[in-house]
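First up is the structure itself, then whatever we jot down about it.
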Protein chains: 4
Amino acid sequence: MEKLDKRMEELLQSEGDLTEKQRNILAAATEMFAQKGFAATSTSEIAKKAGVAEGTIFRHYKTKKDLLLSIVSPTMLRMISPFILKDINKVLNQDYERFEDFLREMIKNRQAFLDNNLQVVKVVIQEIPFHPELRDQFIQHVGQKVYQRFSETVQYYQAKGQIADIPPATVLRNVSSVILGYFATKYIVAPVGWDEEKEIDELIAFLAKGLAPE
Amino acid sequence: MEKLDKRMEELLQSEGDLTEKQRNILAAATEMFAQKGFAATSTSEIAKKAGVAEGTIFRHYKTKKDLLLSIVSPTMLRMISPFILKDINKVLNQDYERFEDFLREMIKNRQAFLDNNLQVVKVVIQEIPFHPELRDQFIQHVGQKVYQRFSETVQYYQAKGQIADIPPATVLRNVSSVILGYFATKYIVAPVGWDEEKEIDELIAFLAKGLAPE
Amino acid sequence: MEKLDKRMEELLQSEGDLTEKQRNILAAATEMFAQKGFAATSTSEIAKKAGVAEGTIFRHYKTKKDLLLSIVSPTMLRMISPFILKDINKVLNQDYERFEDFLREMIKNRQAFLDNNLQVVKVVIQEIPFHPELRDQFIQHVGQKVYQRFSETVQYYQAKGQIADIPPATVLRNVSSVILGYFATKYIVAPVGWDEEKEIDELIAFLAKGLAPE
Amino acid sequence: MEKLDKRMEELLQSEGDLTEKQRNILAAATEMFAQKGFAATSTSEIAKKAGVAEGTIFRHYKTKKDLLLSIVSPTMLRMISPFILKDINKVLNQDYERFEDFLREMIKNRQAFLDNNLQVVKVVIQEIPFHPELRDQFIQHVGQKVYQRFSETVQYYQAKGQIADIPPATVLRNVSSVILGYFATKYIVAPVGWDEEKEIDELIAFLAKGLAPE
DNA sequence: AATGAATGAGTCTTCATTCAT
DNA sequence: TATGAATGAAGACTCATTCAT
């Protein structure tokens, strides 16, 4: 955990040091990767869109793949940040009387993140299938850290009799599936007349009922 | 619907006419596309793996993209086939007393399909973000046909008092999310000690409870 | 000369034996070669336009180049036929009192030929620069036979005092240049309001005056 | 005319900016195009002969066709330069008492040009039939500018009674045909014992007599 | 630090030609 | 005789990366 935190700090703080050109490169690359995919995007396109010379990209990122990792790795960390930030996590565990409240907070928090990072998240999701290291990184972080923390939370609410006696992994699976389905619908299908409040209420009700003890 | 059926027949039956070389090409391409993605797979790799000359690929598929479409389009149709085959659908609607039974049948049926078509489905899912025509095709078929048929089914069980008064679209979303999450876990995470029967039971119980009227 | 005549007969008569498919192939190839050039025309295009299978072309013509030669060689012979047909030639020499009359007959005769063979002639002219054998063939036939026959004719009219004492080669050059310029203008530039009779009269007058003794 | 001059300046001066590699590419391409034709010359051949990597060609010329145009367009302009350079033209009109003198100057001037640009001119002539844009460019420049300027000159000498009352277009046609025939003989047939002075004298005499009033 | 010209391996695709049917 | 599937070499062009300036 110490090591992870350190690496995360490095990654996240490193973005403070970026020159404007570097930021342009990252922004351009993210946009193109999200749109056409990593493999179908050429470094010359990125350079053009970023307004820099092609050589400049390779001064900052040794290879094209390096550029991808520089985008994807910190994002993956930020995706799961609520689960690895100890302080916040403690709060989560104890601040919310009911599992529903915890869920609602979680959704709101991640929603805010998505609103600001839609493209990068798209890149992460789209590229994971093609890059084993990314997959490993993802499994290691999400599967390990998130599962661990989430389990504790679930057990907490199970102890309070709010969740049925189901394996925490199954709870995690169902909760994530439903929330992901919600986000996917909102951000990809983008239906007209989408009533956010009502949708979230229904979603939480569905989850709570489905997970409640008989 | 007639037109769709016809096109489907064409697509699906066309696979009967395939020469052995064509089948090799499709198999090799599917495998590589699933593994490395369309854009990162070269036609020379495909040719080598298929045991044919590179030129042979282009005799059968005008472009590399054409080859992708020849893999993906029929698969998309087969993915949703239970929803567009009138007869099966009727059966589904009426044969199952309880919504749970309908769900169980559905899951079994699609599971069998996945068991035989895992790779192609992987290609479909992975490539959709990068090819607008695929997305359109998908939305048109799934969003239209599946939604429509599924809605009828949902309303049928709502009338029987087994499903709460939720918009069918929301029911569809939650059901698909949970089932997809189940498949994703099974096929991607592939956890050790996976007890299929028990998982399906839990999954159906979760859905049924979550969707049941208060 | 005997050999030439024989080869010519072979070439020209051989066209009688052609099957319909062969004729289609020759016609299609001629059209495409005239339009896009030999090197830029593919055998598959020719096959398609001729309505035959690609293999069929190679059954009749061993190589693509062979097909070109089958078009070009007989045409080259027909282009210069008035000079190698002994009988006609004799007539030419003696039937026309004045050089002008000879020229007029010549132009009319070649014009008729061009009207029927414009495309093939186009191919001949366009491809000669790229195929040394064609150039050689051309020089041998035109440079040898035509020059020889035309020289006799010129000398005949020089003896009659109608042409100045210029080397026959120079006369040939100027006469051909002017006639070619005339045809080029007519067939390529194709100016509106082209009065054929008047143009020919002027052309002959120009040549006659230019070549006349002081 | 202003626009043309500008474009010409651009085209011609642009050749000053060429790097050595670019010059090598142009030289190699010209040589190969002249010898085998545009369509039959591969970019890899050009690269090899120019001593550069194949990619380098495409850094300077977006397509192979672009490379052709970069060779052909400025050459076409230089071919007709005596007719579009106002100052020279004025001189031509007035410096020469007799049409013969004008012709002699013209021939000498163009001969010098040909001596230095034989290959490029070959390319222009050989490729025009296959590239409509080239043909259009040629017709527009030669047909328009040259015809116009030459007409004025012809009318000048007609007014002086040196040329018969023939349409200037016809004069232009005959003069160009004969001069082209002269150049073709000199550069293509390249006969032994060619006496340049004598040939030009005869040629001019032929033209002058042929065009003189009765 | 930034450039952009240069590279050559690699891309998709087309080609002329062959051969089993 | 005619077909058209199959070939693999070659085509034009693009790519990620390097390096001298």
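Just so it is clear, the model here is predicted, and its values are computed rather than measured. Sequence lines set the chain letters: A, B, ... in the order given, protein chains first and strands last, and positions in each chain run from 1. Only heavy atoms go into these numbers, but all of them, side chains included; no hydrogens, no water, no symmetry mates.
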Query raised in the report: What do the steps show when you test A/Ile139 against A/Arg135 for side chain to side chain contact (heavy atoms under 4.5 Å, CB included), and what is the final call?
Result: CA-CA 6 Å; A/Ile139 287 176; A/Arg135 188 184 357 242; 4.0 Å; yes
Requested in this report: In sequence, state the C-alpha distance, the side-chain angles, and the governing distance for A/Ile71 and A/Val124, and then conclude on side chain to side chain contact (heavy atoms under 4.5 Å, CB included).
Outcome: CA-CA 9 Å; A/Ile71 290 169; A/Val124 172; over 6 Å; no
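E/dC15 atom C1' lies 15 Å from atom CG of C/Leu67, rounded to whole Å. To the nearest angstrom, C1' of E/dT7 lies 18 Å from CD1 of D/Ile46. Rounded to whole Å, the distance from NZ on B/Lys48 to P on E/dT11 is 10 Å. Rounded to an integer number of Å, the gap from CD of D/Glu20 to C1' of E/dA6 is 14 Å. Rounded to whole Å, atom P of E/dG10 lies 12 Å from atom NZ of B/Lys36. Counting to the nearest Å, the P atom of E/dA5 and the OH atom of D/Tyr61 are 13 Å from each other. E/dA2 atom C1' lies 17 Å from atom CZ of A/Arg23, rounded to whole Å.
Checked by atom type and distance alone, the side chain of D/Lys122 pairs as donor or acceptor with a backbone atom of D/Ala34 at under 3.5 Å. The backbone N or O of D/Phe38 sits less than 3.5 Å from a side-chain atom of D/Glu127, completing a donor-acceptor pair.
Under the Watson-Crick or G-U wobble criterion, with both distances below 3.5 Å, E/dT11 is paired with F/dA12. A 3.5 Å limit on both hydrogen-bonding distances identifies E/dA2 as the Watson-Crick or G-U partner of F/dT21.
Taking the nucleotide of DNA chain E with the nearest heavy atom to each of A/His60 and D/Lys21, the more 5' of the two is matched to A/His60.
D/His131 and D/Lys65 share a side-chain donor-acceptor pair at under 3.5 Å.
Using cut-offs of 30° and 60° on the angle between ring planes, the pair A/Phe130 and B/Phe130 is tilted.
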Report task. Could you encode protein contacts along nucleotides 11-21 of chain F as a string, one character per nucleotide from 5' to 3', using B for base contact, S for sugar-phosphate-only contact and - for no contact, with a heavy-atom cut-off of under 4.0 Å? Result -> SBBBSBBB---
